[in-house]
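One structure follows; several queries about it will come next.
Convention: sequence-line order gives letters A, B, ...; per-chain numbering from 1.
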Amino acid sequence: MSSSGSGRPPAEAAPGWRHILDAGLAVFIKEVRSEVRTRYALNAVLLFAVCTIVAVSLGLGPIAPRRNPDLPLIQAALLWMAVLFAAFTGLARTFIQEEDARTAAALRLAAPALAVFLGKAWFNTLLLGLLTSLSAALFLVLLRVGVADLAQFCLVLALGSAGLVAATTLIAAIIARASARGALFAVLSFPLLTPLLVVAIRATALAIEGVTWAVIGPPLQILAAYAIALFTASLLLFDVVWEA
Amino acid sequence: MSTALVLDVQRLGCAYGARPLFSELSLRITGGQVLVIAGANGSGKSTLIRVLCGLQRPQHGEVQWWRDGVMRAPAAASGWIGWVAPDVQLYRELTARENLEFFARVRGMPRHPAELDALLDDSGLGGRGDDRLAAYSSGMQQRLRYACALLHDPPFLLLDEPTVTLDARGADIVARLIAARRRHGIIVIATNDPREEQYADVIIRLGQAAR
């Protein structure tokens with residue numbers, strides 16, 4: 001053995017990408033398996049989304065026939081509010097559950113931090129994908145919203161959801177060990193998600209109206225750039241957050 | 001006695017709020033030795049174990065794990081360390097086998113089902129591998145913690161209250177494990193059970209001078 005006075009030893013070999021991806025897949029499968037057996041997040045998220053959209057539809061009734069130039073914007077805002085608040089109730093679960101069940105320490109010791117982030121982010125993507133699909137379907141049916149370009153509408157929802165997952169997964173890891181998690185999650189998420197929501201609502205309104213791809217292109221690019229930037233920042237920062 | 005494995009602790013100090021738990025703690029343990037950390041409840045035994053395995057940062061001092069001339073700080077040494085503690089929980093909604101498969105895979109060393117069966121048998125859980133942990137008693141969960149800690153065949157074992165919740169047969173399995181592992185590695189035991197001090201080559205009593 002070298003003595004401690006012989007200088008710093010070789011640096012710790014970082015886990016290879018293949019190991020990280022496989023471990024991330026293991027975390028994802030574990031999350032899905034746990035969720036299927038407990039339905040902790042799925043029930044909370046879907047119930048919240050359904051209740052919100054049904055309440056809105058009962059309160060407002062079918063608003064499509066009414067003449068209002070701002071109608072697509074109002075409809076888009078209602079849809080994203082339902083998705084956002086439902087996401088708040090469920091997306092933090094993956095990390096909070098680890099802390100509450102006291103499994104986080106074992107996970108920290110065994111899994112590379114990046115793998116944990118990837119597995120949880122993939123699970124949140126699946127969860128939010130289900131939530132957004134159901135919310136959008138209910139929204140279109142109950143509020144009788146006529147979407148002029150369904151492809152644009154779906155693309156906006158997909159890119160907006162990707163940005164939502166990228167931002168909230170990291171914030172969930174930050175707040176998981178705090179005491180007032182619910183409030184903290186909303187407080188930290190709000191400034192980060194406001195730009196995303198503003199663009200997503202406007203882009204959704206454009207898709208409902210039905211505009212050319214040239215018109216909706218810039219907001220779609222912003223949504224994609226936001227998701228990529230937040231995902232990259234989360235990848236770089238997660239190690240610090242998770243090991244803290 | 002092998003010097004390929006070394007635990008080197010230098011001037012380690014930790015406090016809980018304003019209350020110091022230990023300070024200026026220095027020791028050097030080499031391969032083949034068992035370190036026992038003794039002390040009353042609340043003396044900082046579990047905190048020291050968590051610092052050694054990198055789950056908690058000390059206020060000052062340094063911990064180095066050495067293996068064949070390569071040193072790793074605790075946070076980077078998790079691949080070398082097996083940790084068993086009452087506050088380590090496994091996934092209750094998964095079966096014992098699924099837990100083992102999961103931890104083996106995230107460690108980058110997936111195990112063949114036959115290897116997992118052998119591990120479960122060694123832990124006294126043979127035949128119960130497909131039961132969810134929610135149906136396990138606390139003693140069975142402790143046995144599974146040992147199985148998980150040994151999945152990657154670590155040279156360093158950190159055991160916090162090693163026989164807590166175990167029955168006589170479980171305690172016997174732990175005694176055999178310590179006897180087998182001490183020949184090839186370093187074992188650190190935190191306990192307030194005087195019977196477990198018999199394993200010690202080096203013993204420190206938190207709150208008192210090291211012996």
Looking at every non-hydrogen atom in both residues, tell me the closest pair between A:Leu109 and B:Cys53 and how far apart they are. CD2-O, 3.5 Å

Verify the distance criterion only: is there a donor paired with an acceptor across the side chains of A:Thr38 and B:Glu93 at less than 3.5 Å? no

Please examine the side chains of B:Phe102 and A:Ile29, heavy atoms only from C-beta on, and report whether any two atoms are closer than 4.5 Å. no

Is B:Arg132 close to chain A through its backbone or its side chain, or both, or neither, when contacts mean heavy atoms under 4.5 Å? side chain

Taking B:Tyr91 as the fixed residue, which of A:Arg37, A:Gln97, A:Glu98 is the one that meets the side chain to side chain donor-acceptor pair (under 3.5 Å) rule? A:Glu98

Which atom pair, heavy atoms only, marks the closest approach of A:Ala110 to B:Phe103? CB-CD2, 3.6 Å

Engaged part of A:Val116 at the chain B interface, taking heavy atoms whose separation is under 4.5 Å: neither

I want to check something: taking the side chain as every heavy atom from C-beta on, are A:Arg102 and B:Val88 in contact at a cut-off of under 4.5 Å? no

Please say whether more than 12 non-hydrogen atoms of neighbouring residues, nucleotides or ligands are located less than 6.0 Å from CZ in A:Arg177. yes

To the nearest 0.5 Å, atom NZ of A:Lys30 lies from atom CZ of B:Arg105 at 13.0 Å

Would you call A:Arg33 and B:Glu98 a side-chain contact if the rule is heavy atoms closer than 4.5 Å? yes

Is it the side chain or the backbone of B:Arg145 that comes within 4.5 Å of chain A heavy atoms, both, or neither? neither

Tell me if a side-chain donor or acceptor on A:His19 pairs with a main-chain N or O of B:Met109 at a distance below 3.5 Å. no

Might you point out which heavy atoms bring B:Leu90 and A:Thr103 nearest each other, and give the distance in Å? O-CG2, 3.4 Å

Heavy-atom contact with chain B under 4.5 Å, split by part of A:Ala26: both

Looking at chain A, which one of B:Ile81, B:Leu94, B:Asp87 has the largest number of heavy-atom pairs inside 4.5 Å, strictly under? B:Leu94

